[in-house]
Amino acid sequence: MAETAAALRTVAHNVKAARTRAGLSLDELSRRAQVSKGALVGLEKAQGNPNLTTLVRLADTLGISVSALMQGPSEGRVRVVAADAVAPLWTGEQGSEARLMLTTSGPAPVEVWRWRLEPDEEYPSHPHQAGVAETLSVTSGRMTLVVDGTEHTVKAGQTATFDGDTPHTYRGAGNETCHLIMTVHLPPGPASTS
């Protein structure tokens, strides 16, 4: 429980700092990110429980990575992160989940995610900012990737990539759990560094 409170305080600090750097009022960030002002006020006070959709909308609007909203100061040159040390940012009703493992630093950061998709369970994602590219590598099972309304089957041992600035959905396919590693490549620019 203490870890959750500390994580929420980190997100609160990072959202407020990024909003201030961007010169946005709470009203303007609320409008642009399509997140209620009340939710933003609570979030900046380290209250509430923001979901993955809210964090993605805020990160996209602020021009930073989701993990830049969640990470504290860097702990050194090498980071090793265990999957069980990272809380899922999304969990489905059937047991699917998404964990943001880490984000690389530099002018064009890359987020590294671990996903587990149960058969027929899906996560619809709104379009990201222009310049975002996603890569999915299925390590076991299979999934259906829907990009701009077109379905693509991606099986174990296959990798798919697409521009993330269009509607997209990840769905478990077949009869077994699908495991995949996703990388989200953020566009370069001064606002995207963490």
Side-chain angles (χ1 to χ4, degrees), residues 7 10-24 28-29 32-35 40 43 50-83 85-90 97-117 123-139 143 145-148 150 152 154 157-170 179-194:
T10 298
V11 170
H13 169 78
N14 291 342
V15 167
K16 187 171 185 175
R19 179 178 64 78
T20 302
R21 276 192 311 271
L24 297 175
E28 186 61 16
L29 179 56
R32 290 184 187 185
Q34 298 177 340
V35 173
L40 284 176
L43 181 58
N51 63 29
L52 178 57
T53 300
T54 298
L55 293 174
V56 169
R57 285 180 177 176
L58 289 171
D60 283 349
T61 302
L62 294 167
I64 60 177
S65 67
V66 173
S67 62
L69 293 178
M70 301 178 61
Q71 290 180 347
S74 178
E75 297 177 12
R77 294 182 67 154
V78 175
R79 286 182 287 161
V80 177
V81 182
V86 178
L89 286 179
W90 171 74
E97 65 179 27
R99 296 173 189 255
L100 176 56
M101 300 305 296
L102 58 87
T103 300
T104 63
S105 58
V110 176
E111 297 176 347
V112 179
W113 294 77
R114 283 186 179 268
W115 283 75
R116 181 177 74 219
L117 292 170
Y123 178 80
S125 180
H126 77 285
H128 303 299
Q129 62 181 312
V132 171
E134 294 191 18
T135 301
L136 310 171
S137 295
V138 175
T139 58
M143 68 171 294
L145 171 64
V146 184
V147 177
D148 207 17
T150 302
H152 307 271
V154 186
Q158 293 182 324
T159 299
T161 188
F162 63 97
D163 293 331
D165 61 354
T166 187
H168 51 283
T169 299
Y170 324 111
H179 293 271
L180 63 112
I181 302 296
M182 174 198 302
T183 57
V184 179
H185 304 263
L186 303 166
S192 358
T193 58
S194 44

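For clarity, every value in this text was computed on a predicted model and none was experimentally measured.
- Atom CH2 in Trp90 sits 8.0 Å away from atom OH in Tyr123 (nearest 0.5 Å).
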inquiry  = Set out, in order, the CA-CA distance, both residues' side-chain angles and the distance that settles side chain to side chain contact (heavy atoms under 4.5 Å, CB included) for Val132 and Leu186, then state yes or no.
reply    = CA-CA 5 Å; Val132 171; Leu186 303 166; 4.1 Å; yes
Quiz: residues 160-167 side-chain donor-acceptor pairs under 3.5 angstrom, not counting sequence neighbours:
from: Thr161; atom 1: OG1; to: Glu134; atom 2: O; distance (Å): 2.9
from: Thr161; atom 1: OG1; to: Thr135; atom 2: OG1; distance (Å): 3.3
from: Thr166; atom 1: OG1; to: Asp148; atom 2: OD1; distance (Å): 3.3

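- One finds the CG atom of Leu136 at 5.0 Å from the CE atom of Met143 (value rounded to the nearest 0.5 Å).
- Nearest heavy-atom pair, Val15 versus Leu58, reported as atom, atom and distance to 0.1 Å: CG2-CD1, 4.4 Å.
- Residues passing the side chain to side chain donor-acceptor pair (under 3.5 Å) test with Trp113, sequence neighbours excluded: Glu111.
- Partners of Gln158 according to the side chain to side chain donor-acceptor pair (under 3.5 Å) rule, which considers only residues two or more places apart in sequence or in another chain, do not exist here.
- We find the OG1-CD distance between Thr61 and Glu28 to be 10.0 Å, quoted to the nearest 0.5 Å.
- Take Thr169 and apply the side chain to side chain donor-acceptor pair (under 3.5 Å) test, not counting sequence neighbours, and it matches no residue.
- Note: His168 and His128 have tilted aromatic rings, judged against thresholds of 30 and 60 degrees for the angle between ring planes.
- Considering CG of Leu89 and CG of Leu55, their distance stands at 6.5 Å, rounded to 0.5 Å.
- Looking at His179 and Thr139, their side chains never bring a donor and an acceptor atom within 3.5 Å of each other.
- Leu62 contributes atom CG, which lies 8.5 Å from atom CZ of Arg21 (distance to the nearest 0.5 angstrom).
- In this structure the side chain of Val35 never reaches within 4.5 angstrom of the side chain of Leu43, judged on heavy atoms.
- In this structure, Arg114 has no side chain to side chain donor-acceptor pair (under 3.5 Å) partners at least two apart in sequence or on a different chain.
- Taking His13 as the reference, nothing meets the ring-ring contact (aromatic ring centres under 6.0 Å, His included) condition, with sequence neighbours excluded.
- The heavy-atom pair separating Arg57 from Ala33 by the smallest distance is CD-O, 3.2 Å.
- From Tyr170, atom OH reaches atom CE of Met182 across 3.5 Å, with rounding to the nearest 0.5 Å.
- In this structure, Ala59 and Val66 approach most closely via the heavy-atom pair CB-N, 3.7 Å.
- For the pair Ser137 and Thr159, the tightest heavy-atom approach, listed with the atom from each and the gap, is OG-OG1, 2.9 Å.
- Closest of all the heavy-atom pairs between Arg99 and Ala83 is NH1-O, 3.1 Å.
- Across Thr104 and Pro109, no two heavy atoms sit closer than the pair O-CB, 3.3 Å.
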